[in-house]
**Student:** 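My questions all concern the structure below.
Just so we're clear, the structure is a prediction, and the values are computed from it rather than from any experiment. All values below were derived from every heavy atom in this structure, side-chain atoms included, with hydrogens, water molecules and symmetry-related copies excluded.
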Amino acid sequence: MCEDDHENDHAGIGRRAVFVTGAAAALTLSTVSFASAAGGTGPRTRTVRGTLPPGSPDFVYVPVEVPRGVREIHVAYTYDRPTVPAGTQGNALDIGLLDERGTDLGGRGFRGWSGGARTEFFVRADDATPGYVPGPVRAGTWHIALGPYTVAPQGLSYEITITLTYGEQGETPRPVYPPERASGRGRAWYRGDCHLHSEYSDGRYTLAEIARLARAAGLDFINSSEHNTHSAHAHWAGLAGDDLLILLGEEVTTRNGHVVALGTDPGTFVDWRYRARDNRFGRFARQIRRAGGLVVPAHPHATCIGCNWKFGFGEADAVEVWNGAYTPDDEVALADWDGMLVASVRDGRRDWIPAMGSSDSHRSPDVIGRPQTVVLADDLTREAIQEGIRAGRSYVAESSRVSLSLTASGGRGEHAGIGERLRVDADTPVTVRLEVTGAPRCTVRLVTDQGVLFTSDPLPVSGAGTVQWRTTASYAAYVRAEVRHEAAAGPLPGALAAFTNPVFLGS
């Protein structure tokens, strides 16, 4: 039998309560209740409506009292999108689900997040909508998590339809994860794209399409990085292979910036429900590292709402300087990163933050592998790739056609490559050599802590060339290379074809 719809009205202030989750204030609404399963096995539905005003908390929770005997929870929602004045944000409402274990920060109760990518989802023991995690539907208070990303001046009116299906639960599948090793070439340069999205968050690519396109782009490794969910982890195993290492992670998408958790243990979920002012990011950065991952702030100067990075770089293992097609915000990120290199030299620190690049591909025509991080690693394994990224033994290229080799050498056979230090006296002559392939008509720039100190003539149409430059450690504390396309008319440099992490000079 199917019970008639019942409605809850969340418009009344008296039905709201504000509480603190351990981070930003959140709003909890009145509980939606269902009858027990004794009355039959068919679905039962409740519909709730309400309006959120401008200035609503980041998260609004709708408690749902789930009785025993429920087989599946299905949620569908809509919200209004009124016309707003130019320059004013309209309505955008994200959604997710937390189970009977609660809403506490840390995510013990996390069962899925689709952001604004879906209008409905389901969860049951044996299956779930992409973005959500299969598992037992236990009795207790579950919570639909609403995220009013932006609210129009008129407010945000929503309607949520919750359907419980009663019956015997299926069996939860045992997760199988991709291996942490592929058939590498020993110590070699490996190409990867560590920021990708599929239908498991707000992308349109299937996992199979990502794997196929990664191989076509000449990649050796990728990293799963869905927005605020680890639900894809258990679906990659059949797509890995001897030729493709698949790392598992998440793009932790807060309201004050995004961070890629790169190569975490399988099944690791990292919470995102905090802002910079809450002083919680360090806790979750440490969680990423405990799970064997790297902390990589993504597109730190992106202009989308909530994308600009506001947590500082004290917890970063690397920073994503180049994100997708090269744009002015990447140029700003590159300059900002170079400023961090200068600061590390000025302060006499040995620690520095390596740069990397990823495609952040979501759907066609986004190009998987543009750009890609090329890492010198001891083998094609999770641990070796991460160690190479952490050490800065890497460069970023727009495609697999572009290859670079940057070295610095002294007069007595001393030699250092990307991410390494050439230990020479301050006035010892140093020869810097860059070899390039796959960059026709591009210009090479050598950048130091003093700025751009060398600019080459355009490379030939073959795209191959070698440049050499002589300096000393007293003149250049580090040298890094940029390979740029021909500039359009105007003072700005051309878009990047590739760039390297630095070689440091001096004892």
Side-chain angles (χ1 to χ4, degrees), residues 2-12 15-16 26-34 43-66 70-84 89-100 103 109-124 127-134 137 141-152 154-165 199-204 226-229 231 253 255 272-273 305-306:
C2 180
E3 184 177 289
D4 291 340
D5 289 0
H6 284 67
E7 297 184 1
N8 283 38
D9 184 358
H10 283 158
R15 292 178 179 265
R16 297 176 178 174
L27 179 69
T28 186
L29 305 177
S30 55
T31 300
V32 181
S33 297
F34 285 80
R44 294 187 173 95
T45 296
R46 296 283 188 271
T47 299
V48 297
R49 298 182 179 91
T51 299
L52 300 175
S56 291
D58 288 348
F59 299 99
V60 176
Y61 297 115
V62 180
V64 179
E65 198 63 36
V66 177
V70 172
R71 178 175 182 269
E72 178 183 288
I73 298 176
H74 181 278
V75 177
Y77 82 122
T78 62
Y79 60 92
D80 67 331
R81 294 172 172 83
T83 302
V84 297
Q89 297 298 329
N91 285 335
L93 184 64
D94 294 343
I95 197 166
L97 186 67
L98 298 138
D99 66 20
E100 83 289 347
T103 62
F110 178 81
R111 290 301 291 269
W113 184 254
S114 46
R118 299 182 185 279
T119 59
E120 59 183 302
F121 61 85
F122 74 89
V123 170
R124 60 176 187 255
D127 199 5
T129 299
Y132 294 79
V133 182
V137 180
T141 304
W142 291 52
H143 290 83
I144 298 168
L146 301 177
Y149 199 62
T150 56
V151 178
Q154 301 95 317
L156 188 157
S157 296
Y158 62 86
E159 179 178 289
I160 307 171
T161 301
I162 308 155
T163 302
L164 303 187
T165 300
E199 62 185 353
Y200 280 81
S201 59
D202 64 341
R204 293 292 179 269
E226 308 295 354
H227 292 285
N228 299 339
T229 181
S231 61
T253 307
R255 299 297 182 89
W272 77 100
R273 294 173 292 162
I305 297 172

**Student:** Is any side-chain heavy atom of T103 closer than 4.5 Å to a side-chain heavy atom of R273?
**Tutor:**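 Counting from C-beta outward, T103 and R273 do come under 4.5 Å.
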
**Student:** Tell me the closest heavy-atom pair linking L29 and P63, and the distance in Å.
**Tutor:**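 Closest heavy-atom pair between L29 and P63: O-CD, 3.2 Å.
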
**Student:** Below 4.5 Å, heavy atoms only, C-beta onward: do V75 and V64 meet side chain to side chain?
**Tutor:**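 Of all side-chain heavy-atom pairs linking V64 with V75, none is under 4.5 Å.
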
**Student:** Return the minimal non-hydrogen interatomic distance between A26 and Y61, and the atom names on each side.
**Tutor:**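 Between these two residues, the closest heavy atoms are CB-CE1, 3.7 Å.
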
**Student:** Please name the pair of heavy atoms, one in H227 and one in W113, separated by the smallest distance, quoted to 0.1 Å.
**Tutor:**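 Of all heavy-atom pairs spanning H227 and W113, the closest is O-CD1, 4.0 Å.
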
**Student:** Give a yes or no on whether the backbone of A117 and the side-chain of D202 come within a donor-acceptor separation of less than 3.5 Å.
**Tutor:**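 Checked: no pair found.
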
**Student:** Given side chains that start at C-beta, do those of S56 and L27 come closer than 4.5 Å, heavy atoms only?
**Tutor:**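 The answer is no; the side chains never approach within 4.5 Å.
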
**Student:** Hey, are the side chains of T78 and T119 touching, using non-hydrogen atoms and a 4.5 Å cut-off?
**Tutor:**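 No, side chains not in contact.
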
**Student:** Apply side chain to side chain contact (heavy atoms under 4.5 Å, CB included) to Y149 and R255, showing your working.
**Tutor:** CA-CA 8 Å; Y149 199 62; R255 299 297 182 89; 3.6 Å; yes

**Student:** How long is the gap from CD on E100 to NE2 on H143, to the nearest 0.5 Å?
**Tutor:**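 Between E100 CD and H143 NE2, I get 11.5 Å after rounding to 0.5 Å.
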
**Student:** Tell me whether D94 contacts the main-chain N or O of G116 through its side chain, where contact means a donor paired with an acceptor under 3.5 Å.
**Tutor:**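 At least one qualifying donor-acceptor pair exists.
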
**Student:** Are side-chain heavy atoms of E199 and R118 found at a separation under 4.5 Å?
**Tutor:**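 Yes - at least one pair of side-chain heavy atoms lies under 4.5 Å apart.
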
**Student:** Give a yes or no on whether the backbone of F122 and the side-chain of T129 come within a donor-acceptor separation of less than 3.5 Å.
**Tutor:**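 Between the backbone of F122 and the side chain of T129 there is a qualifying donor-acceptor contact (under 3.5 Å).
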
**Student:** Show the nearest heavy-atom pair for residues F110 and V133, with the distance to one decimal.
**Tutor:**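 That closest heavy-atom pairing would be CE2-CG2, 4.4 Å.
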
**Student:** I want to check something: taking the side chain as every heavy atom from C-beta on, are I144 and Y77 in contact at a cut-off of under 4.5 Å?
**Tutor:**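 They are not in contact (no side-chain heavy atoms under 4.5 Å apart), so the answer is no.
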
**Student:** Taking the side chain as C-beta and beyond, is there a heavy-atom pair between F34 and V70 under 4.5 Å?
**Tutor:**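 Side-chain contact under 4.5 Å: no.
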
**Student:** If I compare all heavy atoms of P130 with all of S231, which pair ends up nearest, and what's the gap?
**Tutor:**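 So the minimum-distance heavy-atom pair works out to C-OG, 4.4 Å.
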
**Student:** Between I95, L156, D58, which is the residue that forms a side-chain contact (heavy atoms from CB on, under 4.5 Å) with L146?
**Tutor:**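 Single pass found, and it is I95.
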
**Student:** Working to the nearest 0.5 angstrom, can you tell me the gap between H74 NE2 and I162 CD1?
**Tutor:**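 Reported value, rounded in 0.5 Å steps: 11.5 Å.
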
**Student:** Classify the ring geometry of F121 against Y132: parallel below 30°, tilted from 30° to 60°, perpendicular beyond 60°.
**Tutor:**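 F121 and Y132: parallel rings.
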
**Student:** Without swapping roles, check the side chain of Q89 against the backbone of V84 for a donor-acceptor pair under 3.5 Å.
**Tutor:**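 No, because the side chain of Q89 does not come within donor-acceptor range (under 3.5 Å) of the backbone of V84.
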
**Student:** Yes or no on side chain to side chain contact (heavy atoms under 4.5 Å, CB included) for N228 and S201, after CA distance, side-chain angles and deciding distance?
**Tutor:** CA-CA 8 Å; N228 299 339; S201 59; over 6 Å; no

**Student:** So does G131 get a backbone contact from the side chain of T229, meaning a donor-acceptor N/O pair under 3.5 Å?
**Tutor:**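 Confirmed, T229 side chain pairs with G131 backbone.
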
**Student:** Might you work through the side chain to side chain contact (heavy atoms under 4.5 Å, CB included) test for L164 and V137, ending with a clear yes or no?
**Tutor:** CA-CA 10 Å; L164 303 187; V137 180; over 6 Å; no

**Student:** For the residue pair P82 and Q154, what are the closest heavy atoms and their distance?
**Tutor:**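 Looking at all heavy atoms of both residues, the shortest contact is CB-NE2, 3.6 Å.
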
**Student:** Would you say the side chain of T150 lies within less than 4.5 Å of the side chain of N91, judging by non-hydrogen atoms?
**Tutor:**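 SC-SC contact between N91 and T150 ruled out.
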
**Student:** Hey, what do you get for CZ (F59) to OG1 (T28), rounding to the nearest 0.5 Å?
**Tutor:**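 It is 14.0 Å, given to the nearest 0.5 Å.
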
**Student:** Does any N or O in the side chain of R46 come within less than 3.5 Å of the main-chain N or O of S33, such that one atom is a donor and the other an acceptor?
**Tutor:**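 Flag set: sc R46 to bb S33 pair under 3.5 Å.
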
**Student:** I need the R124 CZ to I73 CD1 distance, nearest 0.5 Å.
**Tutor:**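 R124 CZ to I73 CD1: 12.5 Å, rounded to 0.5 Å.
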
